[in-house]
K.L.:
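Here you go, one structure.
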Amino acid sequence: MKNFNQFFKFWVVGTLMIFTVSCERDVEGLTAPDNSKDPNVFIDGFSGGLLYAAFGGSYPAAFQVDTKDTYNNSASVMKFEVPDANDARGAYAGGAFFTQAGRDLSSYNVLTFWARASKSVSIDLVGFGLDLGANKYTTSVSGVKVNTNWKKYYIPLPDPAQLTAERGMFYYSEGAEEGNGYTFWIDEVKFENLGTVVHLKHAIMHGLSETKEAEVGETVKVTGLKASANLPNGIDQEVDPSAAFFTFSSSDENIATVNASGEVRVQGAGTATITAKVGGKDAAGALIIKSAGLTPKPTTPAPVPNRAAADVISLYSNAYTNVPVDTWNTRWQFSTAEEFFDKVQNDDIIRYRNLNFVGIEFVSNTINATSMTHFHIDMWTPDPVTSAKTFKVLLVDFGANNAFGGGDDTSHELTFRAPTITSGNWVSIDVPLTAFTGLTRRSNLAQMVLSGEYPNVYIDNVYFYKSGGGTGGPTAPTSTAPLPQYPPANVISIFSDSYTSVPATDFNPNWGQATKVSEISIQNNKALRYDGLNYQGTQFGTAQNVSALQFLHLDYWTANSTELRIFLISPGPVETPFTLTVPTSGWNSVDIPLTAFAPVKLDNVFQIKVEGNGTVFLDNILFRK
């Protein structure tokens with residue numbers, strides 16, 4: 001595999017060339033009033049004033065002048081020795097030929113050269129415009145296929161009219177092929193005006209209309225800059241030109257502005273289209289900016305955790321020393337999530353935008369959480385919350401071999417819905433690690449995946465902790481469930497202090513269950529407590545016709561349940577379960593559509609059953625419109 005590109009790109013953005021040598025001829029024409037129109041770069045030797053510099057990290061002596069193996073028996077040729085992979089002399093071959101005085105190339109339309117190699121290869125970059133200065137009009141061709149025969153190559157000039165003072169005459173960059181070095185030769189390098197190079201075209205965004213959703217204050221880059229021309233052989237030669245050849249414009253600068261480098265700055269809400277021209281002619285393609293304005297963000301930090309540091313393994317929190325995390329966005333295939341590191345009142349938070357799912361990895365330093373009892377994350381979303389939307393957390397352990405795969409990996413995902421998830425508020429999710437029932441090992445935790453239907457999510461205080469140290473999570477509710485506000489005429493109550501409930505209801509019929517049932521008082525409000533739940537029935541005093549109603553409402557609270565279902569039952573018996581999200585981080589209020597219990601006969605419901613485990617608290621069990 002070739003690895004030269006990383007070195008070349010690093011140099012282009014600002015790394016200086018490691019040395020500069022002048023070629024055989026003296027620098028000429030520095031005091032000339034007009035720029036030279038000399039088209040020649042290398043014709044039987046160097047043109048006047050040409051200099052050479054090797055790229056940083058390249059093999060410095062890769063370029064030589066050779067008098068053998070020339071094209072068409074010319075006096076000399078440019079020879080390039082590509083080093084083997086991992087060669088101590090340099091990682092690749094690369095450099096630029098440039099002049100101190102600019103040349104006027106505006107009367108030419110193509111850079112041509114002849115090339116051959118010691119074997120069939122693909123030279124990764126050749127072009128012009130690198131001048132050891134602004135590098136304004138860089139233009140390149142990628143993947144130039146060369147074999148052992150001499151062949152002529154063409155690099156169309158994207159807009160010759162702008163090249164009136166160009167100093168960058170030619171450059172190249174190439175790494176080993178399949179790990180092996182080789183030699184290639186280039187000769188007869190010159191700018192020409194050929195009537196057989198025609199139909200010059202330009203494009204942005206690869207000639208397509210692409211839409212980008214962005215926010216006020218965000219910067220988006222115009223990409224996919226291309227130019228092409230038809231060559232004498234009838235093939236369209238595509239080149240990669242710099243943004244300097246293009247003149248960009250915005251359809252609405254109140255929404256988005258664009259500078260000469262193609263950087264778009266989002267200014268307001270709405271839609272703006274970014275287009276470009278080259279030499280007064282339209283370039284194909286457009287970047288369409290769709291801005292909803294400024295997406296809301298938290299105005300206050302998440303609650304500061306106060307658990308003892310000795311009882312915490314923290315991935316992300318200002319309150320603790322965090323363990324190493326390889327990445328907060330693995331960018332797995334099909335993930336659309338973008339991550340941003342932000343602050344609110346000087347507290348560090350992470351934002352995910354366009355979240356469908358995002359991988360978080362700590363593979364280099366897996367976490368041993370066998371002594372921890374709980375997982376904690378604070379989550380904030382500005383998106384509308386509905387009972388159908390979810391926020392999910394998946395934990396993955398790499399097993400005894402501490403490596404992905406091998407048959408010993410374990411994982412489990414928990415799902416959270418409203419009312420646990422709310423909009424515009426920090427939600428603290430505290431769950432026992434035993435709730436991750438499929439996570440049978442916790443000694444080599446390596447991955448976490450966040451997912452769901454909330455595209456904008458902020459997170460903070462992501463950590464594992466040991467309950468009982470510092471301020472562990474409560475084991476019973478200390479406040480009442482939310483008081484229901486439904487009109488009594490729209491309610492049939494089974495258990496609630498807010499309504500008159502169905503009389504003679506038995507909340508602990510003898511069904512052979514192991515569950516212990518008690519009625520408790522929380523701030524003078526009654527609730528049901530199930531200890532050691534396996535299953536528990538409720539027998540109505542009389543069968544109820546709830547067919548005119550729409551929902552079964554229930555408030556429930558549990559710190560340690562990992563499995564919880566509720567059933568409606570009609571005679572037969574006909575019963576259907578509905579799975580509840582556990583454990584909770586407070587009272588969960590759910591409204592379950594009665595249609596979810598089909599085929600239960602809603603005109604003759606006479607029992608409710610709860611199945612699961614742990615300790616569960618219930619209140620406000622009622623049917624409602």
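Worth saying up front: this structure is predicted, and the values here are computed from it rather than measured.
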K.L.:
Does Arg353 have any side chain to side chain donor-acceptor pair (under 3.5 Å) partners at least two apart in sequence or in another chain, and if so, which?
P.N.:
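For Arg353, the residues satisfying side chain to side chain donor-acceptor pair (under 3.5 Å) (neighbours in sequence not counted) are Glu218, Glu338.
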
K.L.:
Considering residues at least two apart in sequence or located in another chain, which fulfil the ring-ring contact (aromatic ring centres under 6.0 Å, His included) criterion with Phe404?
P.N.:
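Residues passing ring-ring contact (aromatic ring centres under 6.0 Å, His included) with Phe404: Phe398.
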
K.L.:
Dump the intermediate steps for side chain to side chain donor-acceptor pair (under 3.5 Å) on Ser107 and Asn193, then the final yes or no.
P.N.:
CA-CA 7 Å; Ser107 59; Asn193 187 0; over 6 Å; no

K.L.:
So how far is it from Leu355 CG to Phe391 CZ, rounded to the nearest 0.5 Å?
P.N.:
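Leu355 atom CG to Phe391 atom CZ measures 7.5 Å (nearest 0.5 Å).
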
K.L.:
Could you give all pairs that pass the side chain to side chain donor-acceptor pair (under 3.5 Å) test and reach residues 274-286, with sequence neighbours left out?
P.N.:
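Of all non-adjacent pairs touching residues 274-286, those that pass side chain to side chain donor-acceptor pair (under 3.5 Å) are Ser249-Thr275, Lys277-Asp282.
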
K.L.:
Other residues, nucleotides and ligands only: do more than 12 of their heavy atoms fall within 6.0 Å of NZ on Lys151?
P.N.:
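It does not: Lys151 NZ has 12 such atoms or fewer within range.
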
K.L.:
Side chains of Ile155 and Thr139: does their closest heavy-atom pair fall under 4.5 Å?
P.N.:
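The answer is yes, as the side chains (C-beta and beyond) meet within the 4.5 Å cut-off.
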
K.L.:
Quick one: which residue pairs count as a side chain to side chain donor-acceptor pair (under 3.5 Å) with a foot in residues 152-168, not counting sequence neighbours?
P.N.:
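Counting only pairs at least two positions apart or across chains, the side chain to side chain donor-acceptor pair (under 3.5 Å) contacts touching residues 152-168 are Tyr137-Gln162, Lys152-Glu192, Asp159-Gln162.
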
K.L.:
Are any non-hydrogen side-chain atoms of Val146 and Ser120 less than 4.5 angstrom apart?
P.N.:
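Result no, sub-4.5 Å side-chain heavy-atom pair not found.
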
K.L.:
Which residues pass the side-chain contact (heavy atoms from CB on, under 4.5 Å) test with Pro455, not counting sequence neighbours?
P.N.:
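Only Asp383 meet the side-chain contact (heavy atoms from CB on, under 4.5 Å) criterion with Pro455.
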
K.L.:
Apply ring-ring contact (aromatic ring centres under 6.0 Å, His included) to Tyr59 and list each qualifying residue two or more places apart in sequence or on a separate chain.
P.N.:
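By the ring-ring contact (aromatic ring centres under 6.0 Å, His included) rule, Tyr59 matches no residue at all.
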
K.L.:
I want to check something: taking the side chain as every heavy atom from C-beta on, are Met169 and Phe98 in contact at a cut-off of under 4.5 Å?
P.N.:
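The answer is no, as the side chains (C-beta and beyond) never meet within the 4.5 Å cut-off.
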
K.L.:
Can Glu253 and Arg265 be counted as an ion pair, charged N to O under 4.0 angstrom?
P.N.:
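Judged by the 4.0 Å cut-off on N to carboxylate O distance, Glu253 and Arg265 do not form a salt bridge.
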
K.L.:
For Lys221, is the NZ atom crowded, meaning more than 12 foreign heavy atoms sit under 6.0 Å from it?
P.N.:
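Above 12, so yes.
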
K.L.:
Here's a test for you: under ring-ring contact (aromatic ring centres under 6.0 Å, His included), which of Phe42, Phe128, Phe191, Phe113 qualifies with Phe170?
P.N.:
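When Phe42, Phe128, Phe191, Phe113 are each tested with Phe170, the ring-ring contact (aromatic ring centres under 6.0 Å, His included) holds only for Phe113.
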
K.L.:
How about Phe63 and Phe97: are their ring centroids closer than 6.0 Å?
P.N.:
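Between Phe63 and Phe97, the centre distance is under 6.0 Å.
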
K.L.:
Working note: Asn456 + Thr295, criterion side chain to side chain donor-acceptor pair (under 3.5 Å); need CA distance, chi angles, decisive distance, verdict.
P.N.:
CA-CA 8 Å; Asn456 296 286; Thr295 299; 4.7 Å; no

K.L.:
What residues, two or more places apart in sequence or in another chain, satisfy side chain to side chain donor-acceptor pair (under 3.5 Å) together with Lys389?
P.N.:
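In terms of side chain to side chain donor-acceptor pair (under 3.5 Å), with neighbours along the sequence ignored, Lys389 is linked to no residue.
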
K.L.:
Nearest 0.5 angstrom please: Glu81 CD to Asp66 CG, how far?
P.N.:
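These two atoms lie 11.5 Å from each other.
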
K.L.:
Looking only at side-chain N and O atoms, does Gln267 offer a donor or acceptor that is under 3.5 Å from a partner on Thr257?
P.N.:
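Yes, side-chain donor-acceptor contact under 3.5 Å.
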
K.L.:
By side chain to side chain donor-acceptor pair (under 3.5 Å), which residues pair with Ser411, not counting sequence neighbours?
P.N.:
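Per chain and number, Ser411 pairs via side chain to side chain donor-acceptor pair (under 3.5 Å) with no residue.
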
K.L.:
For Ser314, what residues pass the side-chain contact (heavy atoms from CB on, under 4.5 Å) criterion, not counting sequence neighbours?
P.N.:
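Ser314: side-chain contact (heavy atoms from CB on, under 4.5 Å) contacts with Val312, Ser317, Tyr320, Asn322, Tyr463.
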
K.L.:
Taking the side chain as every heavy atom from C-beta outward, state whether Val264 and Val222 have any pair of such atoms under 4.5 Å apart.
P.N.:
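Result yes, sub-4.5 Å side-chain heavy-atom pair found.
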
K.L.:
Measure across Lys119 and Tyr182 and return the closest heavy-atom pair with its distance rounded to 0.1 Å.
P.N.:
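Residues Lys119 and Tyr182, closest heavy atoms: CE-CB, 3.8 Å.
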
K.L.:
Any side-chain heavy atom of Glu174 within less than 4.5 Å of one from Ile123?
P.N.:
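In contact.
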
K.L.:
Do NZ/NE/NH1/NH2 and the carboxylate oxygens of Asp87 and Arg89 come within less than 4.0 Å?
P.N.:
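Result for this pair is yes, salt bridge flagged.
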
K.L.:
Does Trp332 have any ring-ring contact (aromatic ring centres under 6.0 Å, His included) partners at least two apart in sequence or in another chain, and if so, which?
P.N.:
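For Trp332, no residue satisfies ring-ring contact (aromatic ring centres under 6.0 Å, His included) once neighbours in sequence are set aside.
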
K.L.:
Between Asp124 and Tyr92, is any pair of side-chain heavy atoms under 4.5 Å apart?
P.N.:
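Of all side-chain heavy-atom pairs linking Tyr92 with Asp124, none is under 4.5 Å.
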
K.L.:
Please assess Phe184 against Phe80 for the test ring-ring contact (aromatic ring centres under 6.0 Å, His included), listing each intermediate value before the final yes or no.
P.N.:
CA-CA 5 Å; Phe184 67 95; Phe80 303 93; 4.9 Å; yes

K.L.:
I'd like to know if the side chain of Thr390 pairs up with that of Glu453 as donor and acceptor (distance under 3.5 Å, no hydrogens or angles considered).
P.N.:
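Yes, a side-chain donor-acceptor pair sits under 3.5 Å.
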
K.L.:
Just to verify, what does Phe357 make a ring-ring contact (aromatic ring centres under 6.0 Å, His included) with, not counting sequence neighbours?
P.N.:
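Applying ring-ring contact (aromatic ring centres under 6.0 Å, His included) to Phe357 gives none.
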
K.L.:
What heavy-atom pair brings Phe246 and Lys226 nearest, and what distance separates the two atoms?
P.N.:
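Closest approach of Phe246 to Lys226: CZ-O, 3.8 Å.
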
K.L.:
Taking side chain to side chain donor-acceptor pair (under 3.5 Å) as the definition, give me every residue that meets it alongside Lys297, ordered by chain and number, with sequence neighbours left out.
P.N.:
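Lys297 satisfies side chain to side chain donor-acceptor pair (under 3.5 Å) with Asp342 only.
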
K.L.:
Taking side chain as C-beta onward, heavy atoms only, is Asn444 less than 4.5 Å from Asn368?
P.N.:
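No. Closest side-chain heavy atoms not under 4.5 Å.
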
K.L.:
Heavy atoms, side chains only, cut-off 4.5 Å: are Ser228 and Val239 in contact?
P.N.:
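SC-SC contact between Ser228 and Val239 ruled out.
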
K.L.:
Check the orientation of Phe341 and Tyr316. Use parallel for under 30°, tilted for 30 to 60°, and perpendicular for over 60°.
P.N.:
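Correct class here is tilted.
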
K.L.:
For Glu215, is the CD atom crowded, meaning more than 12 foreign heavy atoms sit under 6.0 Å from it?
P.N.:
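Yes, because the 6.0 Å sphere around CD of Glu215 holds more than 12 heavy atoms from other groups.
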
K.L.:
For Asn401 versus Gly406, what's the shortest heavy-atom pair and its separation?
P.N.:
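For Asn401 and Gly406, the tightest heavy-atom pair comes out as ND2-CA, 3.8 Å.
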
